[in-house]
There are 2 protein chains.
Amino acid sequence: MLSEGAVNVYSHQLAARARVTSAQVRRDLMTVGYEGSPQRGYVVEDLLEAIGKRLDPPALQPVALVGVGNLGRAVLAFLRGRRPRLAITAAFDRDPVLVGGIVHGCRVYAMRDLPAVVSREGINVAIIAVPASEAQAVAMELVSTGIKGLINFAPVRLMVAKGIVVEDIDMTTALEKVAYFARQAVEEQVRK
Amino acid sequence: MLSEGAVNVYSHQLAARARVTSAQVRRDLMTVGYEGSPQRGYVVEDLLEAIGKRLDPPALQPVALVGVGNLGRAVLAFLRGRRPRLAITAAFDRDPVLVGGIVHGCRVYAMRDLPAVVSREGINVAIIAVPASEAQAVAMELVSTGIKGLINFAPVRLMVAKGIVVEDIDMTTALEKVAYFARQAVEEQVRK
DNA sequence: CGGTGTGAAGCGCTTCACAGCG
DNA sequence: CGCTGTGAAGCGCTTCACACCG
């Protein structure tokens, strides 16, 4: 909205963009602690800063990537430069051909270097982009080196110590879900 | 579980794997309509079939992919063969170098062929893997050809007619979320 | 006992609704 | 008026708790 030149914004405008209700937006902003005025709504720039203060990393937070296959490379390219303070600073793979090289601007290390690199760079978040059969083992290794958060692309429920945050990105399930509702929509259309 | 040779399973076992409570599992299975017995729990094979009958496509449901860049190719490779009745049967890109070729076993068409291919193959679900700046336009084009469900990888909230299902896969937000909680976990550790 | 199925209660997020204000 | 901030109500999903059963 900033780039569109907007200075002020009302809760119902934010609501429309986020596909929620205006009451929801106001509630959430209450949590953030930023207050608007009934006359002008919220000041876009200040609001952005207030949210950032609450949610953004205060300094560069390095991220590790494990698995530099098709998916890993795509993630590397996709995330690159998208969030200034969240960057994948180290990638790991067991393929000797990749190790030592640089992919999408990121250095690829051997799996055995994982503990050393993670502790040296102070990494506490990792992305798992390995085959499902290896995901659990990789997760355990990451957690044992001190990682606190995981993004998991493998279609497996990881078993990890509690206190470790796992966010699953399950494309297969997402596709099944959409396909299910799309079928319903088509059926409904036919019924008419 | 089938491949592990399990024949029967109790709700609390399923619960542990899915990281939910056993009551939740029993509730959900009530919805599915499959009944177990207190003695044997659920019969894995029958349960699988009952769930499939409720959720799986009755026949091959073709899916379109728009955008054959890094991400699109990774999605193509990842989804390939994962669900027998959900397959990406057509990919689209505006890059003339890709058009006419085959990527990960999937034919790549020009954007202009989209309506014809979608209607010929009876596609009702599409995956959007184009840059954020083009996602909205692509979504509108897809919807106008009759697509009912979308998976959207672009970090943009798509505005679509209601009745159209959109599932956002937002890696950036997922990473921010995990990074946030990982920071909290680290802080807590320091406090001790 | 240790399971399932399920009515009823619990709980937390979402929405309502309205005072307050320029 | 029209918008914000927020107490209170609403609403659904989740959990409890228990009858029933081999």
Side-chain angles (χ1 to χ4, degrees), chain A residues 1-2 4-55 157 159 162 165-168 170 173-174 176-178 180-181 184, chain B residues 1-2 4-55 157 159 162 165-168 170 173-174 176-178 180-181 184:
Chain A
M1 294 181 77
L2 254 193
E4 288 168 16
V7 175
N8 302 304
V9 61
Y10 295 118
S11 62
H12 64 87
Q13 297 175 304
L14 290 169
R17 300 214 180 199
R19 291 220 211 85
V20 296
T21 63
S22 61
Q24 183 72 72
V25 170
R26 295 203 299 279
R27 263 284 160 223
D28 289 354
L29 294 191
M30 213 189 337
T31 307
V32 172
Y34 180 72
E35 297 211 346
S37 79
Q39 293 71 49
R40 309 232 159 254
Y42 307 91
V43 178
V44 178
E45 197 167 355
D46 298 353
L47 177 53
L48 212 52
E49 194 191 310
I51 295 174
K53 193 164 284 174
R54 183 78 184 242
L55 296 179
R157 273 333 267 219
M159 306 300 253
K162 71 171 189 171
V165 189
V166 177
E167 184 80 4
D168 291 299
D170 187 340
T173 302
E176 282 188 302
K177 180 178 163 187
V178 171
Y180 177 86
F181 287 109
Q184 306 256 314
Chain B
M1 293 182 78
L2 253 194
E4 289 168 16
V7 176
N8 302 304
V9 62
Y10 295 120
S11 61
H12 64 86
Q13 297 174 305
L14 290 169
R17 300 214 181 200
R19 292 220 209 83
V20 295
T21 63
S22 61
Q24 182 72 73
V25 170
R26 294 204 300 279
R27 260 288 158 222
D28 289 352
L29 294 190
M30 213 189 335
T31 307
V32 172
Y34 180 72
E35 297 210 347
S37 78
Q39 294 71 50
R40 310 229 159 256
Y42 307 92
V43 178
V44 178
E45 195 166 355
D46 298 353
L47 176 54
L48 212 50
E49 194 190 311
I51 294 173
K53 194 162 285 175
R54 182 76 185 244
L55 297 179
R157 279 322 275 217
M159 305 301 252
K162 71 171 189 171
V165 189
V166 178
E167 184 81 3
D168 291 298
D170 187 341
T173 302
E176 283 189 301
K177 180 178 164 187
V178 171
Y180 177 86
F181 287 110
Q184 306 256 313

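No hydrogens, no waters, no symmetry mates; every other heavy atom, side chains included, goes into these values. Numbered from 1 within each chain, the chains take letters A, B, ... in sequence-line order. Keep in mind that this is a model prediction, so the values were computed, not measured.
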Between [X] and [Y], is any pair of side-chain heavy atoms under 4.5 Å apart?
{"X": "Leu48(B)", "Y": "Leu2(B)", "value": "yes"}
{"X": "Arg54(A)", "Y": "Ile51(A)", "value": "no"}
{"X": "Gln184(A)", "Y": "Val165(B)", "value": "no"}

message: By the 4.0 Å heavy-atom rule, please label Ser22(A) as base, sugar-phosphate, or nothing.
response: nothing

- prompt: So does Arg27(B) reach the base of dT6(C) with its side chain, donor to acceptor, closer than 3.5 Å?
  reply: no

I need the [atom1]-[atom2] distance between [X] and [N], as an integer number of Å.
{"X": "Tyr34(A)", "N": "dT4(D)", "atom1": "OH", "atom2": "C1'", "result": "12 Å"}
{"X": "Tyr42(B)", "N": "dT4(C)", "atom1": "OH", "atom2": "P", "result": "5 Å"}
{"X": "Leu29(A)", "N": "dG5(D)", "atom1": "CG", "atom2": "C1'", "result": "11 Å"}
{"X": "Arg40(A)", "N": "dC21(C)", "atom1": "CZ", "atom2": "C1'", "result": "14 Å"}
{"X": "Gln39(B)", "N": "dT4(C)", "atom1": "CD", "atom2": "P", "result": "10 Å"}
{"X": "Leu14(B)", "N": "dG5(C)", "atom1": "CG", "atom2": "C1'", "result": "15 Å"}
{"X": "His12(A)", "N": "dG2(D)", "atom1": "NE2", "atom2": "P", "result": "10 Å"}

- prompt: Where the side chain of Met30(B) is concerned, which of dT6(C), dG5(D), dC3(D) is the nearest nucleotide?
  reply: dT6(C)

Counting just side-chain N and O atoms, does [X] come under 4.0 Å of either OP1 or OP2 of [N]?
{"X": "Ser11(A)", "N": "dT4(D)", "value": "yes"}
{"X": "Gln24(A)", "N": "dT15(C)", "value": "yes"}
{"X": "Thr21(B)", "N": "dT14(D)", "value": "no"}

task: Taking only Lys NZ, Arg NE, NH1 and NH2, and the carboxylate oxygens of Asp or Glu, determine whether Glu4(A) and Arg17(A) approach each other closer than 4.0 Å.
output: yes

statement: Taking every heavy atom of Arg19(A) against every heavy atom of Arg157(B), the minimum-distance pair comes out as NH1-NH2, 3.2 Å

field: Nearest-nucleotide comparison on DNA chain D, the residue closer to the 5′ end among Arg26(B) and Glu35(A)
entry: Glu35(A)

Along DNA chain C (nearest heavy atom to each residue), the more 5'-positioned of Pro38(A) and Asp28(A): Asp28(A)

